[in-house]
Amino acid sequence: MTSMESLIGLVNRIQQACTVLGDYGGADNNAFSSLWEALPSVAVVGGQSSGKSSVLESIVGRDFLPRGSGIVTRRPLVLQLHKVDGKAKEYAEFLHMPGQKITDYAIVRQEIQNETDRVTGRTKQISPVPIHLSIYSPHVVNLTLIDLPGLTKVAVEGQPETIAQDIENMVRSFVDKPNCIILAISPANQDIATSDAIKLSREVDPSGERTFGVLTKLDLMDRGTNALDVLEGRSYRLQHPWVGVVNRSQADINKNVDMIVARRKESEYFETSPDYGHLANKMGSVYLAKLLSQHLESVIRQRIPNITSLINKTIEELESEMNQIGRPIAADAGAQLYTILELCRAFDRVFKEHLDGGRPGGDRIYNVFDNQLPAALRKLPFDRHLSLQNVRKVVSEADGYQPHLIAPEQGYRRLIEGALSYFRGPAEASVDAVHFVLKELVRKSIAETQELRRFPTLQAEIAAATNEALERFREESKKTAMRLVDMEASYLTVEFFRKLPQEMEKAGNPANQATPNVDRYGEGHYRRIGSNVSSYISMISDTLRNTIPKAVVYCQAKQLSQLLDEDPALTGRRQQCAKRLELYKAARDEIDSVSWAR
């Protein structure tokens with residue numbers, strides 16, 4: 001295989017790699033679509049019935065395209081020709097039917113029709129979604145040809161009124177690209193000035209550098225006329241020479257005349273023609289294919305640095321994507337368990353970053369302890385509970401029929417126990433507030449753990465397990481917080497009570513009283529009791545304000561158990577990325593080898 005064949009074949013393989021995941025024609029990855037656009041290809045443009053299909057079949061050497069009246073080509077056909085060793089078996093393969101090697105070209109023709117109908121229906125509508133077909137044969141040159149719907153001027157029955165503009169817009173979307181070579185097909189039996197293909201190519205390629213003019217139906221011109229003015233560049237000059245072709249006649253098509261025979265008849269026509277005999281060596285479909293290959297080689301060589309740069313960028317993006325997707329899942333249970341543990345550790349790291357800092361979230365828990373809990377404690381109704389009226393009532397009820405002699409110990413206990421019961425509400429509220437913060441942090445942590453994104457089942461299991469655990473820990477937190485309150489009620493601080501008799505003695509000593517007959521059970525006595533209890537409750541409030549957060553945090557533990565089940569779509573994506581990465585790396589190596597061989 002010559003260096004030219006290697007180079008063009010290489011571009012074909014790169015373009016094929018670009019289409020593995022549909023990068024061509026709507027890729028959302030900039031590097032892939034940029035790479036495709038950087039690779040030169042040949043778009044076949046012409047009006048309806050200009051002979052486009054016949055030219056393509058002549059280049060391929062096979063009868064494989066649907067035929068009929070009106071618009072037959074209703075979707076772009078991206079045709080990649082791969083030259084193979086002479087002993088290799090010839091076959092065709094569709095991108096939407098990978099692995100199915102078709103050797104019967106009647107089946108190829110029918111599949112093109114079926115695939116067109118699948119998108120457009122059995123109507124005369126068009127679609128910009130391309131069909132990708134590769135042909136591997138020793139009888140072709142390495143080329144990528146894009147067969148486009150024929151340009152038309154009016155809509156027929158079953159077509160929208162905008163069909164002419166729709167087709168032109170579709171064709172322009174291909175030929176506007178600076179690396180697209182335009183194969184402008186014009187019938188010789190019509191005035192070249194009215195050629196749809198030449199008109200469009202002149203608009204997108206005014207210098208003619210990208211346009212190859214092809215004249216069809218030379219054998220159908222009126223007797224005594226010829227197309228030499230066009231073929232020799234006098235009627236309309238292009239940067240590249242015009243090429244005339246003679247396709248099979250309708251009678252030949254009806255008789256299924258072999259393409260090899262048709263090529264021989266075409267060659268004989270030019271060699272024996274009194275008008276075109278002097279151009280015979282530069283006419284015909286075989287010469288056209290070679291001319292396109294030579295031009296492609298020249299264009300590709302000019303663009304090798306840019307193509308290499310884009311391939312390297314594409315490889316980097318693919319490798320980055322492969323790293324994000326992650327390693328394939330091992331089959332043995334031990335390796336799967338290790339993977340599960342690694343994923344759990346990744347989740348745990350993110351969750352801890354939310355709690356300990358580095359990611360937002362932990363500050364919300366601090367806000368519960370520093371603002372919400374103190375605010376709730378300040379709002380407790382101690383003023384009402386320790387009002388003069390309530391203190392007298394509680395103390396009197398505690399004394400019963402025998403009033404207290406020195407200090408109303410039972411009254412103090414009841415007042416303190418009643419006040420401590422109010423702490424239960426803020427304690428429970430703090431537990432619930434932290435619980436809801438933790439649940440939200442779990443949700444965020446699962447979403448932010450990159451390694452988990454490929455395992456939807458694992459995500460669901462982690463979420464379920466953590467929420468179940470958090471519910472359990474919330475109950476434990478509430479019990480612990482309630483125990484703190486109950487412990488304060490079950491044992492009162494001794495030093496606090498020891499002060500009371502001394503104060504009472506001072507209150508009963510005549511030397512310390514303005515009036516010796518003061519009433520021990522008067523209003524001042526009960527106010528003093530209320531003040532003492534308030535001081536004690538304030539001390540307890542400060543204690544609980546510090547211990548409740550400790551209990552809540554201590555009880556918010558995590559322990560996960562889950563399953564491993566990767567998203568099947570992600571598994572397929574990894575396999576396709578790996579395949580495409582292999583193709584691009586091989587392409588890069590081949591470009592290097594061809595560059596060194598120049």
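Numbers here simply count residues along the sequence, with the first being 1. All of these numbers come straight from a predicted model, not from anything done at the bench.
With hydrogens and angles disregarded, no donor-acceptor distance shorter than 3.5 Å links the side chain of Asn367 to the backbone of Asp363. Asn390 places no side-chain N or O within donor-acceptor distance of the main-chain N or O of Leu386, the cut-off being under 3.5 Å. Asp147 contributes no side-chain N or O that, together with a main-chain N or O of Leu77, makes up a donor-acceptor pair within less than 3.5 Å. Checked by atom type and distance alone, the side chain of Ser309 never pairs as donor or acceptor with a backbone atom of Asn306 at under 3.5 Å.
Contact detail for Glu93 and Gly99: the closest heavy-atom pair is OE2-N, 2.6 Å. Contact detail for Thr449 and Ser445: the closest heavy-atom pair is OG1-O, 2.5 Å. Contact detail for Pro149 and Thr73: the closest heavy-atom pair is CB-O, 3.1 Å. Nearest heavy atom pair, residue Arg75 against residue Val129, reads NE-O, 2.7 Å. For Ile135 against Ala92, the heavy-atom pair with the smallest separation is CG1-CB, 4.1 Å. For the pair Pro426 and Leu380, the tightest heavy-atom approach, listed with the atom from each and the gap, is CG-CD2, 3.8 Å.
A 4.5 Å side-chain heavy-atom check between Leu415 and His385 finds at least one atom pair inside the cut-off. Side-chain contact between Ile131 and Pro76 is absent, with no heavy-atom pair separated by less than 4.5 Å. Taking 4.5 Å as the limit, some side-chain heavy atom of Ile112 sits within range of a side-chain heavy atom of Phe94. Side-chain atoms of Leu79 and Thr144, non-hydrogen and from C-beta on, never get closer than 4.5 Å to each other. For the pair Glu115/Met97, no side-chain contact is recorded, criterion being any heavy-atom separation below 4.5 Å from C-beta on. Looking at heavy atoms from C-beta onward, Leu145 lies in side-chain contact with Leu81 at the 4.5 angstrom threshold. The side-chain heavy atoms of Leu133 and Gln80, taken from C-beta on, include no pair separated by under 4.5 Å. By the 4.5 Å heavy-atom criterion applied to side chains, His132 and Pro130 are counted as neighbours.
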(message) Working note: Gln113 + Asp117, criterion side-chain hydrogen bond (donor to acceptor under 3.5 Å, both in side chains); need CA distance, chi angles, decisive distance, verdict.
(response) CA-CA 6 Å; Gln113 185 64 56; Asp117 292 343; 3.2 Å; yes
(message) Run Glu353 and Arg349 through salt bridge (Lys or Arg N to Asp or Glu O under 4.0 Å) and show every step you take.
(response) CA-CA 6 Å; Glu353 286 176 7; Arg349 283 194 300 270; over 6 Å; no
(request) Could you please spell out the steps behind the side chain to side chain contact (heavy atoms under 4.5 Å, CB included) verdict for Tyr91 and Ile102? (result) CA-CA 5 Å; Tyr91 67 92; Ile102 305 172; over 6 Å; no
(request) Start with the C-alpha gap between Ile146 and Val42, add the side-chain angles, then the distance that decides, and say whether side chain to side chain contact (heavy atoms under 4.5 Å, CB included) holds. (result) CA-CA 6 Å; Ile146 305 172; Val42 181; over 6 Å; no
(request) Given side chain to side chain contact (heavy atoms under 4.5 Å, CB included), test Gln372 with Ser430 step by step and report yes or no. (result) CA-CA 8 Å; Gln372 296 181 28; Ser430 297; over 6 Å; no
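Note that the NZ atom of Lys479 and the CD atom of Glu476 stand 7.5 Å from one another [nearest 0.5 Å]. Remark: Ile416 CD1 to Ser534 OG distance equals 11.0 Å, nearest 0.5 Å. In this structure, CG on Asn114 lies 10.5 Å from CZ on Arg118, to the nearest 0.5 angstrom. Between atom CG of residue Asp166 and atom OG1 of residue Thr162 there is a gap of 3.5 Å, rounded to the nearest 0.5 Å. How far CD of Gln389 is from CZ of Arg384: 12.0 Å, rounded to the nearest 0.5 Å. Distance check: Asn169 CG to Ile126 CD1 gives 8.5 Å after rounding to the nearest 0.5 Å.
When the shell of 6.0 Å around CD of Glu468 is examined, it contains 12 or fewer heavy atoms from other residues, nucleotides or ligands. Around atom CG of Asn371, more than 12 heavy atoms belonging to other residues, nucleotides or ligands sit under 6.0 Å away.
Considering Glu440, Lys444, Glu448 in turn, Glu448 is the only one that fulfils the side-chain hydrogen bond (donor to acceptor under 3.5 Å, both in side chains) rule with His354.
Using a 3.5 Å distance cut-off with no hydrogens or angles, the side chains of Thr120 and Arg74 do pair a donor with an acceptor. For the residue pair Asn312 and Glu316, no side-chain donor N or O sits within less than 3.5 Å of a side-chain acceptor on the partner.
Among residues at least two apart or in separate chains, salt bridge (Lys or Arg N to Asp or Glu O under 4.0 Å) pairs with a member in residues 421-439 are Arg424-Asp486, Asp432-Arg474, Asp432-Lys478.
Aromatic ring pairs are classed by plane angle as parallel below 30°, tilted from 30° to 60° and perpendicular above 60°; the pair Phe351 and Phe347 is parallel. Between Phe382 and Tyr422, the angle of the ring planes goes over 60°, which puts this pair in the perpendicular group of the 30/60° scheme.
A salt bridge links Arg301 to Glu297: at least one charged side-chain nitrogen sits closer than 4.0 Å to a carboxylate oxygen.
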